[in-house]
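Here's a structure for you.
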Amino acid sequence: MITDDLREKLLTHDQAHLLQELERLNDADRAQLLNDLARIDLAELRALHGKREHKDALPERHRIEPLPRPAAEEPHREFKEQIGNDAIERSEIAYLVVAGGQGTRLGFDHPKGMFPIGPLSKRSLFQIHAEKILALRRRCGARLPLLVMTSPATDAETRLYFRRKNFFRLPPQDVWFFCQGTMPAVDLTTGRLLLEGPGRLCLSPNGHGGTITGLLGSGLLDRLTDQGVHTIYYFQVDNPLVNLADFLFIGRHVEARAEVSSKVLPKTSPLEKVGNFLMVDGRCSMIEYSDLPEGWANETDDAGNLRFWAGNPAIHLLDVEFLRKIAGEAERLPWHLARKIVPYVNETGQVIKPDAENALKFERFIFDILPQAERWTIHATDRAAEFAPVKNKEGVDSPQTARAMMCADAARLLGQLGVEVPAGIKVEISPLFTLDNNRTIPPITKHTYLREPKD
Ligand code: UTP
C-alpha cells in the first residue's frame, strides 16, 4: 500500500518517478520496492547528492603530521614473533576477507574471489587464501575461523563455490559467511533513485566499511568473542600475495594492546594511487590519493624523502572489543561518493546502457575507523612480497602483473632456500607447501609448480 506518508516523502525528496513506478507494479514487485524504500533514508541521499561537486573538507595542514618511519631494525623481534605465534596457537586470531565488491574494473563474470589467478595452477584467489589458512592451522594446531564478507552481488555464488570446492578442506563450521548491506545508486544530475528493472532499485554494496555493521548485524562479533578470538586479520580478496602468517605483525599488535594495526607500503611516487596513512591531531588517519593535495603529496623532508610516504595495502588487525566499542558509531562513518556508469531502466521501461558516468554510488571505507583507535601500530612491509592487487583487466594492477609478482616472489623464496631459479622460468608455490616444516625442494624444471605435500 502506498501510504500518504510515503507519497509525501517521495514528493518532498524529488522521487516522484517512484510513485508512478509503484502504481504500475504487480503486488509482489510493489511489496519488494516498498520494502526497499522503507530502509532508505531519502533525506540523507539528497544531502549526499548535493555534495557531488565538492571534495570532502580536509583537515588544515597544521593538524597533519607524516607517519613516523619505523626503525630499520625491529627491537626484540624474536620475542614479538613468539607472541604472534602464541596468539595463533591459542586460536585468538580470525581471518576476514572482504569479497563483496562488484569488481567492475576486472570485468569478470563471477565474484572476484573465483578468479583463477595461480600462474601455473590456476588456483582461484579464494583457494589461495583458504589454503594459506589451512597451512597455518596445520602448522599451529589452531582453529582460525575464516570470515568471508559477501554482498548481495556475490553472496549466493560465493557460498556455492566454497561448497562445490569442499571449503578447500577447511572445516565448513570454521568458514563463516556474512553479507554486507547496500546503498542505492542515484542519477548523477537529478539525484533520483535508479531502477534496474520493474520495482528493483539499483543497489550496490555499501563499501568495505560495511564490514563493521555487517559483523555486528550477523552476530559474528559475539560468536568471535564466545570462541575466544581477540583479533581479526582483515584483508582484501584481490591480493594473492597477502601474508597471513605474519607472526611479527600480530605480535607487535598484541604486545602494544593495539586497537588497530595496519601494514603500510613505502610509496613509489608522490601521486601513487594508494591511500595515504598520516596523522591528524595525533591520531593515525588516512587520506585518499584523490583527496591529497598535490603540494602536500610532493613535500619532502631534509633528506629528500617523501613526507607522506606511507601507502595503504589494506591489511589490518582489528581488535574485537574495539569493533564492539565503535559499532554503535559505524552508522556515522562518512559516505564517499563515486561517479560510475550504471545501466538502468528509464520511465518508459527501456534499458539504458550509458557510455559515460551517469550515476553516483556511495561507499563507506574501513579505514575511516582508524582515528577512533587510541592505540595502534603500523608495520612497514615490502610491496614485492606482499601486495599484488588484481584490479584491472589489463595493464597496471591486472592479473598479468599479479601473476608476474607471484612468480617473482616464489623465485625469491626458493632463492632464500638455496635454490636458484633461472630467469624466464615460471615458478609457483602452493600455499600448503610454503608453511610446511618438512618441505624438500624438487628440481626446478621449465615451469614448476611446487605442490602441497601429500596428506
Ligand atoms: P575495490 O574498492 O577495489 O572494489 O575493493 P572492487 O569491487 O574489487 O572493484 P571495482 O572498484 O568495482 O573495480 C577492494 C576490496 O574491498 C572489497 C572488494 O571485494 C575487494 O576485496 N569490497 C569493496 C567489499 O567487500 N565491499 C564493497 O562494498 C566494496
Side-chain angles (χ1 to χ4, degrees), residues 95-115 117 124-126 128-130 146-155 157-159 161 176-185 202-215 217-218 220 232-242 244 262-263 265 272-275 286 288-291 311-316 318 330 333-343 357 359-369 386-399 401-402:
Y95 288 88
L96 191 164
V97 58
V98 286
Q102 291 170 305
T104 38
R105 285 169 288 171
L106 185 61
F108 179 57
D109 280 342
H110 304 281
K112 208 193 247 185
M114 291 168 61
F115 189 85
I117 194 67
S124 68
L125 286 157
F126 276 137
I128 288 173
H129 300 316
L146 168 62
L147 282 65
V148 183
M149 184 169 87
T150 61
S151 67
T154 64
D155 188 69
E157 204 177 347
T158 301
R159 288 176 196 247
Y161 178 67
W176 306 350
F177 298 93
F178 68 104
C179 190
Q180 67 180 111
T182 54
M183 269 295 265
C202 292
L203 297 173
S204 32
N206 59 1
H208 39 65
T211 306
I212 316 291
T213 39
L215 271 177
S218 59
L220 291 187
I232 292 175
Y233 204 120
Y234 168 104
F235 62 101
Q236 299 191 336
V237 75
D238 52 15
N239 178 13
L241 278 189
V242 59
L244 300 182
S262 301
K263 293 213 175 178
L265 291 174
E272 192 185 347
K273 291 185 172 178
V274 287
M286 173 94 58
E288 286 231 84
Y289 65 89
S290 47
D291 290 333
N312 174 29
I315 305 167
H316 308 285
L318 308 170
L333 289 180
W335 290 108
H336 297 258
L337 280 51
R339 290 162 185 253
K340 301 269 176 175
I341 296 179
V342 176
E357 290 157 351
L360 269 187
K361 284 189 180 180
F362 307 98
E363 293 194 346
R364 288 195 165 120
F365 294 159
I366 188 80
F367 51 71
D368 283 323
I369 67 173
E386 209 174 347
F387 190 52
V390 180
K391 300 286 182 196
N392 305 309
K393 204 174 184 61
E394 285 164 355
V396 287
D397 297 344
S398 65
T401 55

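As the structure lists them, so they are numbered: ligands from 1, and atoms in each ligand from 1. Counting begins at 1 with the first residue of the sequence.
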Using a strict cut-off of 4.0 Å, indicate which atoms of ligand 1 neighbour a heavy atom of Gly100.
19 (O), 24 (C), 25 (O), 26 (N)
Between Gln180 and ligand 1, is there a nitrogen or oxygen pair with a distance under 3.5 Å?
yes
Between Asp368 and Arg364, does any side-chain N to carboxylate O distance fall below 4.0 Å?
no
Atom 18 (C) of ligand 1 has as its nearest protein heavy atom Gly101 N, 3.7 Å
Heavy-atom nearest neighbour of atom 1 (P) of ligand 1 within options Lys391, Glu363, Lys393
Lys391
Nearest neighbour of atom 20 (C) of ligand 1 from the list Val98, Val97, Thr154, on a heavy-atom basis
Val98
Suppose we call two aromatic rings close when their centres sit under 6.0 Å apart. Are Phe235 and His129 close by that rule?
yes
Taking only heavy atoms of Met149 into account, list the atoms of ligand 1 that are under 4.0 Å away from them.
25 (O)
Identity and distance of the protein heavy atom lying nearest atom 8 (O) of ligand 1:
Lys112 NZ, 2.9 Å
Do ligand 1 and Gln102 have nitrogen or oxygen atoms that lie under 3.5 Å from each other?
yes
How far is atom 11 (O) of ligand 1 from the closest protein heavy atom, and which atom is that?
Arg105 NH2, 3.0 Å
Phe362: what forms a ring-ring contact (aromatic ring centres under 6.0 Å, His included) with it, not counting sequence neighbours?
none
For Phe365, the ring-ring contact (aromatic ring centres under 6.0 Å, His included) test, sequence neighbours excluded, returns His208, His336, Phe367
min-distance protein heavy atom vs atom 12 (O) of ligand 1 -> Thr104 OG1, 2.5 Å
Counting only heavy atoms closer than 4.0 Å, does ligand 1 sit against the backbone of Ala99, its side chain, both, or neither?
backbone
